[in-house]
Amino acid sequence: MDGYFSSRLHHELRETVRDFAEREVRPRIAEMEESRTVHHELSRMIAEQGWLGATISQEYGGMGAGHLAKTIIIEELSRVSGAMGAMVQASQLGTAKIVHFGSDEQRKTWLPAIAAGDCLPTIAVTEPESGGHVLGMSASAVRDGDDYVLNGSKVYVGNSHVGDLHGVVVRTGPGSKGLTAFLVESDRPGFRTGPQQAAMGLHGFSFGELIFENCRVPASNRLGDEGDGLSVAYSSSVLYGRANLTAVSLGIHRAILEETTRFATERIRYGKPLSDLPTVKLKLGQMQSRLMTARLAAYHAVHLLDQGLSCDAELMNAKLVNVESAIDSGRNAMEIHAAAGLFTDRPIERYVRDAHHIFAPAGTSDIQLLRLAEVALGQDKGSWSERLSDVVRTPAPDPLHI
């Protein structure tokens with residue numbers, strides 16, 4: 001597949017990220033698992049590599065390398081640490097809103113900082129009461145002279161406690177045209193984060209609550225026009241969220257298979273490696289098949305995205321296939337490990353926990369299936385990838401920037 005979708009430059013990028021992940025990330029995993037809280041130092045270290053700028057054009061100091069390169073970066077980090085892969089994917093999601101909807105001034109101000117690793121962006125849409133129902137949100141922004149005053153809260157925000165710039169979608173009026181997006185700096189008065197709660201997995205990554213209490217934001221921080229908030233939310237989720245979470249699942253899936261084949265080869269039963277047992281071989285073969293299919297779906301979708309072609313359905317399918325495959329292979333891995341997989345001296349239980357965290361964001365599997373059913377029935381409501389293709393289309397990457 002490398003020869004079909006990717007170039008020598010993509011291969012070199014993969015080796016660079018893998019080396020970094022093994023050298024800098026893996027030694028810190030035990031610390032992250034023990035603390036179960038955001039790892040500020042490692043998040044900043046990864047950002048400083050310039051990888052958050054994968055889809056930012058070279059005009060703004062980014063790599064200009066495209067969505068396949070972004071997928072490779074997230075995949076290789078997630079192969080070692082799902083938490084750090086999630087950190088990068090959340091930052092990339094936060095970048096999308098500025099790339100597609102930011103003014104010239106906003107792009108000049110923020111994109112170079114993101115590309116250099118000096119700014120970690122987020123996007124905040126979900127609320128405690130409305131959940132995934134975007135139009136049900138109640139957090140508000142009221143115009144007051146040259147400013148807007150924001151009130152309300154957002155939950156499950158990736159990079160909540162390490163982010164510097166939050167892209168927040170709030171209500172400025174009724175209905176679907178009453179949502180507007182703003183850029184809110186983390187040091188702005190009236191903004192704070194809620195207590196960070198320990199979660200099942202992705203230890204080292206934060207996805208918590210943002211609280212706005214009479215938070216005054218200048219009108220120049222508005223993304224697009226009033227009423228563009230729904231487009232900001234949906235396009236970021238469709239074009240970046242599904243692709244990014246696909247990459248996290250793909251990396252975790254690879255780690256599950258690699259660790260399980262290692263265990264089955266090294267563990268001796270009845271005088272032979274466990275991998276010699278036909279039942280174990282069948283499970284390993286099933287895991288290998290799933291991984292190959294999932295990787296093909298992932299790379300195909302972002303390849304189309306890089307070409308500026310319509311691919312909303314492919315992105316939905318890639319997220320669906322990769323999430324479900326990783327979870328299914330995680331169960332197979334636990335069946336092969338048996339009791340040995342339950343203890344923290346082996347990483348397989350961490351991989352399984354982390355894989356479940358990718359299920360809900362950017363739409364659960366049921367949501368992806370419902371949207372795909374609309375495609376099959378000819379009831380889909382247009383293509384975000386096609387609408388924004390002029391911005392998305394990526395030229396051949398410059399070797400000096402990969």
Kindly state whether the ring of Phe182 and the ring of His166 have centres lying under 6.0 angstrom apart.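 Not close enough - the centres of the two rings lie 6.0 Å or further apart.
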Answer with yes or no after comparing the ring centroid distance for Phe205 and His357 against a 6.0 Å cut-off, counting only values under it.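 Phe205 vs His357: aromatic centres not under 6.0 Å.
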Could you go step by step and tell me if Met32 and Leu42 meet the side-chain contact (heavy atoms from CB on, under 4.5 Å) rule? CA-CA 10 Å; Met32 290 190 287; Leu42 186 54; 4.0 Å; yes
Does the side-chain contact (heavy atoms from CB on, under 4.5 Å) test come out yes or no for Glu127 and Arg171, once each step is laid out? CA-CA 12 Å; Glu127 295 186 3; Arg171 188 162 287 289; over 6 Å; no
Show the nearest heavy-atom pair for residues [X] and [Y], with the distance to one decimal.
X      : Y      : value
Ala333 : Ile348 : CB-CD1, 3.7 Å
Gly271 : Ile268 : C-CG2, 3.7 Å
Leu183 : Val217 : O-CG1, 3.8 Å
Glu314 : Ala301 : O-CB, 3.6 Å
Pro361 : Lys319 : O-NZ, 2.8 Å
Val162 : Ser206 : N-OG, 3.9 Å

If you define the side chain from C-beta out and look only at heavy atoms, does anything of [X] sit under 4.5 Å from [Y]?
X      : Y      : result
Lys154 : Val170 : yes
Thr180 : Val232 : no
Glu41  : Glu31  : no
Leu135 : Leu230 : yes
Thr55  : Tyr240 : yes

Atom pair [atom1] ([X]) and [atom2] ([Y]), whose distance is rounded to the nearest 0.5 Å:
X      : Y      : atom1 : atom2 : answer
Arg353 : Ile252 : CZ    : CD1   : 11.0 Å
Asp19  : Glu76  : CG    : CD    : 11.0 Å
Ser235 : His100 : OG    : NE2   : 6.5 Å
Arg350 : Asp354 : CZ    : CG    : 6.5 Å
Ile358 : Ser249 : CD1   : OG    : 5.0 Å
Cys311 : Asp306 : SG    : CG    : 9.0 Å

Using the salt bridge (charged side-chain N to carboxylate O under 4.0 Å, His left out) criterion, which residues pair with Glu48? Sequence neighbours excluded.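 Residues passing salt bridge (charged side-chain N to carboxylate O under 4.0 Å, His left out) with Glu48: none at all.
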So Phe5 and His300, would you call those rings parallel, tilted or perpendicular, with 30° and 60° as cut-offs? tilted
When you look at [atom1] of [X], are more than 12 heavy atoms from neighbouring residues, nucleotides or ligands closer to it than 6.0 Å?
X      : atom1 : answer
Tyr156 : OH    : no
Glu129 : CD    : no
Arg26  : CZ    : yes
Gln197 : CD    : no

Can you list every salt bridge (Lys or Arg N to Asp or Glu O under 4.0 Å) pair that touches residues 203-215, not counting sequence neighbours?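 For residues 203-215, and leaving out neighbouring residues, the salt bridge (Lys or Arg N to Asp or Glu O under 4.0 Å) pairs sorted by first residue read Arg192-Glu213.
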Check Lys108 with Glu105, please: is the shortest side-chain N to carboxylate O separation under 4.0 Å? no
Note: Glu59-Arg107 ion pair, threshold 4.0 Å (strictly below): no
Is it true that the side chains of [X] and [Y] contain a donor and an acceptor less than 3.5 Å apart?
X      : Y      : result
Glu335 : Asn332 : yes
Gln196 : Thr37  : yes
Tyr299 : Glu75  : yes
His40  : Ser43  : no

Is there a side-chain contact (heavy atoms from CB on, under 4.5 Å) between Ile114 and Ile98? Walk through the geometry before answering. CA-CA 10 Å; Ile114 295 169; Ile98 303 174; 4.0 Å; yes
Step by step, work out the salt bridge (Lys or Arg N to Asp or Glu O under 4.0 Å) result for Arg371 and Glu374. CA-CA 5 Å; Arg371 297 291 85 82; Glu374 291 172 355; 3.0 Å; yes
Begin with the C-alpha distance, continue with both residues' side-chain angles, and end with the deciding distance and a verdict on side-chain contact (heavy atoms from CB on, under 4.5 Å) for His337 and Phe343. CA-CA 10 Å; His337 279 77; Phe343 295 91; over 6 Å; no
For Arg222, check side-chain hydrogen bond (donor to acceptor under 3.5 Å, both in side chains) against everything at least two apart and list the hits.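 Checked Arg222 against side-chain hydrogen bond (donor to acceptor under 3.5 Å, both in side chains); matches are Tyr148.
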